[in-house]
Structures are given as C-alpha cells and as structure tokens.
Trainee: 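My structure is below; once you've seen it, I'll send some questions.
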Amino acid sequence: TVFVKAFDILTDNPPSEPTFVDVPKDHPQYKEIEAIYREGITSGCSANPPKFCPDKGVSRAEMAVFLVRALKLDLNEVPSEQIFGDVPPTHWAFPYVQLLYEKGITAGCSETPRRFCPDDLVSRGQAAAFVMNSVIYKESSSPTPTPVPKPGDANGDGVVDGQDYIIWLNHYNQTTS
C-alpha cells in the first residue's frame with residue numbers, strides 16, 4: 001500500500017480474474033498487487049503458474065527492480081563501471097542496482113568495501129529509506145510545467161488588459177493620446 005501511494009499508482013479497476021494464483025480477489029492487497037503488475041513494476045515470483053508470493057520477503061535486488069520500474073528509469077543510462085563489489089555486470093540485477101546508485105537512491109549496505117548486499121531481505125528501515133529516496137528523486141527530477149502564455153498578455157500576469165496594450169505600444173514606439 002505504501003509503495004502504491006508513494007508512486008501515485010491507481011488501484012481502481014482491478015481485473016475481474018486474478019493474475020496470480022496465490023492472490024485471490026479477497027486478498028487484502030489484491031488491488032495493490034494487480035496495480036503494480038499492470039504498471040509493469042512486477043511480474044511476480046513465478047511464471048508457470050503465475051504467482052506473486054505475497055508472504056515472501058523481498059530482496060534488495062528485487063527492490064531495486066521494483067523502484068527502477070516504478071520510477072520509469074531508462075536502462076540505457078546504466079553506468080558501465082561496476083559500483084558494488086557484490087553486484088558484478090553478470091548479476092541479473094546489475095543495471096537496476098547501478099541506476100539506483102547513480103540516481104542517489106541507495107549507497108548500498110556497506111561503504112568499505114562498497115557492497116549492495118543484493119540477496120539480503122529488505123528491512124522495514126531499508127524499505128522506508130528506499131521509498132523516501134525514490135520519492136525525493138521523483139519530485140526533484142519532475143520538470144516544472146512551463147506556463148502557457150495567453151495571447152496578448154505582454155507582461156505575463158495572466159490577464160490581458162490595458163497594461164499589455166501600453167507595453168505593445170511602447171514596443172512599437174507609439175504613444176497613447
């Protein structure tokens with residue numbers, strides 16, 4: 001639920017039939033799980049049969065995948081130089097972990113030596129830090145909408161009035177009489 005709220009994921013309109021065999025419609029997190037599946041954040045823990053494993057813990061590597069997908073980060077922007085000693089380029093979560101570090105969302109689990117601990121389960125404290133750092137990143141990287149000027153609004157105050165007319169006249173070296 002926190003994950004869904006942090007990333008503004010809509011939970012309305014869940015499918016009439018469950019996606020995962022272990023998350024029936026009466027499951028307390030049915031709507032949230034279906035929503036993060038619909039958004040492409042998770043594919044579950046098993047494909048055949050499709051399972052979500054709602055009672056299983058989440059590893060730090062799995063959390064990295066969830067966050068990168070929730071933030072819609074570009075996997076083409078992955079730093080190629082290995083950052084963490086325990087996440088080599090051959091590790092399945094390498095691009096996700098690299099991006100989280102690159103975007104300032106994680107510093108790993110150890111600085112000396114620099115490690116990410118990809119197989120460790122995420123503690124409640126770590127989950128809070130991951131989500132908060134992701135929200136901070138999301139908010140700081142969202143572009144500020146550029147206001148669309150009104151035609152004729154020469155001074156940008158959002159109102160077309162006599163002041164705009166005077167600015168226009170002054171621009172063309174005209175005077176009012």
Side-chain angles (χ1 to χ4, degrees), residues 1-80 82-110 114-143 145:
T1 301
V2 171
F3 199 83
V4 169
K5 289 183 180 183
F7 294 101
D8 302 318
I9 299 169
L10 298 176
T11 58
D12 53 347
N13 300 320
S16 58
E17 291 300 317
T19 302
F20 301 106
V21 297
D22 57 348
V23 184
K25 290 175 75 168
D26 62 350
H27 188 281
Q29 284 83 43
Y30 175 73
K31 287 182 178 183
E32 290 84 358
I33 292 167
E34 290 292 345
I36 64 172
Y37 173 76
R38 181 180 64 235
E39 290 291 318
I41 296 169
T42 186
S43 55
C45 65
S46 169
N48 194 10
K51 288 184 178 182
F52 181 76
C53 304
D55 298 321
K56 181 182 171 229
V58 175
S59 73
R60 291 174 55 86
E62 291 167 330
M63 178 63 82
V65 173
F66 289 164
L67 294 173
V68 166
R69 289 178 178 170
L71 291 167
K72 297 177 176 37
L73 298 178
D74 187 350
L75 289 174
N76 292 317
E77 296 178 6
V78 174
S80 57
Q82 181 178 344
I83 296 167
F84 297 104
D86 57 350
V87 185
T90 55
H91 191 283
W92 66 269
F94 177 78
Y96 302 95
V97 172
Q98 295 278 107
L99 274 175
L100 284 192
Y101 180 83
E102 168 86 4
K103 302 301 181 185
I105 295 168
T106 187
C109 65
S110 168
R114 179 166 281 152
R115 296 178 331 140
F116 183 73
C117 304
D119 299 323
D120 288 2
L121 293 180
V122 177
S123 71
R124 292 169 63 96
Q126 291 169 348
F130 275 131
V131 171
M132 282 309 302
N133 289 342
S134 296
V135 169
I136 290 167
Y137 170 80
K138 178 179 80 165
E139 290 176 359
S140 68
S141 65
S142 296

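From a predicted model like this one, the values you see are computed outputs, not experimental measurements.
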Trainee: Indicate yes or no for a side-chain donor-acceptor contact from Lys25 to the backbone of Glu17 under 3.5 Å, with no hydrogens or angles considered.
Mentor: no

Trainee: Measure from the side-chain N and O atoms of Gln98 to the backbone N and O of Ser80, and report whether any donor-acceptor pair falls under 3.5 Å.
Mentor: no

Trainee: Would you sort out whether Asp120 and Arg115 count as a salt bridge (Lys or Arg N to Asp or Glu O under 4.0 Å), showing the intermediate values?
Mentor: CA-CA 11 Å; Asp120 288 2; Arg115 296 178 331 140; 5.8 Å; no

Trainee: List the atom of Gln82, the atom of Pro89, and the distance in Å for their closest heavy-atom pair.
Mentor: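 The pair with the smallest heavy-atom distance is OE1-CD, 3.4 Å.
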
Trainee: Please check: side-chain N/O of Glu102 versus main-chain N/O of Val78, any donor-acceptor pairing under 3.5 Å?
Mentor: no

Trainee: Return the minimal non-hydrogen interatomic distance between Ala61 and His91, and the atom names on each side.
Mentor: CB-CE1, 4.3 Å

Trainee: Would Phe116 and Tyr101 count as a close aromatic pair, with their ring centres under 6.0 Å?
Mentor: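 When the ring centroids of Phe116 and Tyr101 are compared, they turn out to be at least 6.0 Å apart.
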
Trainee: Judged by atom type as modelled, is there a donor-acceptor pair below 3.5 Å linking the side chain of Lys138 to the main-chain atoms of Ala70?
Mentor: no

Trainee: Any side-chain heavy-atom pair from His27 and Glu32 closer than 4.5 angstrom?
Mentor: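 The answer is no, as the side chains (C-beta and beyond) never meet within the 4.5 Å cut-off.
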
Trainee: Passes ring-ring contact (aromatic ring centres under 6.0 Å, His included), Phe66 versus Phe130? Steps please.
Mentor: CA-CA 10 Å; Phe66 289 164; Phe130 275 131; over 10 Å; no

Trainee: Please name the pair of heavy atoms, one in Lys31 and one in Pro14, separated by the smallest distance, quoted to 0.1 Å.
Mentor: CG-CG, 4.0 Å

Trainee: Keeping the roles fixed (side chain from Arg38, backbone from Leu10), state whether a donor-acceptor pair exists under 3.5 Å.
Mentor: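 Yes; at least one donor-acceptor contact below 3.5 Å.
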
Trainee: Does Tyr30 have more than 12 heavy atoms from other residues, nucleotides or ligands lying within 6.0 Å of its OH?
Mentor: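 More than 12 heavy atoms, drawn from other residues, nucleotides or ligands, come within 6.0 Å of this atom.
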
Trainee: Could you walk me through whether Thr106 and Asn133 pass side-chain contact (heavy atoms from CB on, under 4.5 Å), step by step?
Mentor: CA-CA 8 Å; Thr106 187; Asn133 289 342; over 6 Å; no

Trainee: Any side-chain heavy atom of Lys51 within less than 4.5 Å of one from Lys56?
Mentor: no

Trainee: From the options Leu75, Leu67, Leu73, select the one residue that forms a side chain to side chain contact (heavy atoms under 4.5 Å, CB included) with Tyr96.
Mentor: Leu75

Trainee: For a quick test of reading the model, state the closest non-hydrogen atom pair linking Leu71 to Ser134 and the distance between them.
Mentor: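 In this case the closest contact between Leu71 and Ser134 is CD2-O, 3.7 Å.
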
Trainee: Return the minimal non-hydrogen interatomic distance between Gly57 and Leu121, and the atom names on each side.
Mentor: C-CD2, 3.8 Å

Trainee: If you apply the rule side-chain contact (heavy atoms from CB on, under 4.5 Å), what do you find for Ile36 with Phe7, and how did you get there?
Mentor: CA-CA 10 Å; Ile36 64 172; Phe7 294 101; over 6 Å; no

Trainee: Measure across Arg114 and Phe84 and return the closest heavy-atom pair with its distance rounded to 0.1 Å.
Mentor: CG-CD2, 3.4 Å

Trainee: Assess the residue pair Lys103 and Glu77 against the criterion (side-chain contact (heavy atoms from CB on, under 4.5 Å)); give the C-alpha distance rounded to whole Å, side-chain angles, the decisive distance to 0.1 Å, and a yes or no.
Mentor: CA-CA 10 Å; Lys103 302 301 181 185; Glu77 296 178 6; 3.2 Å; yes

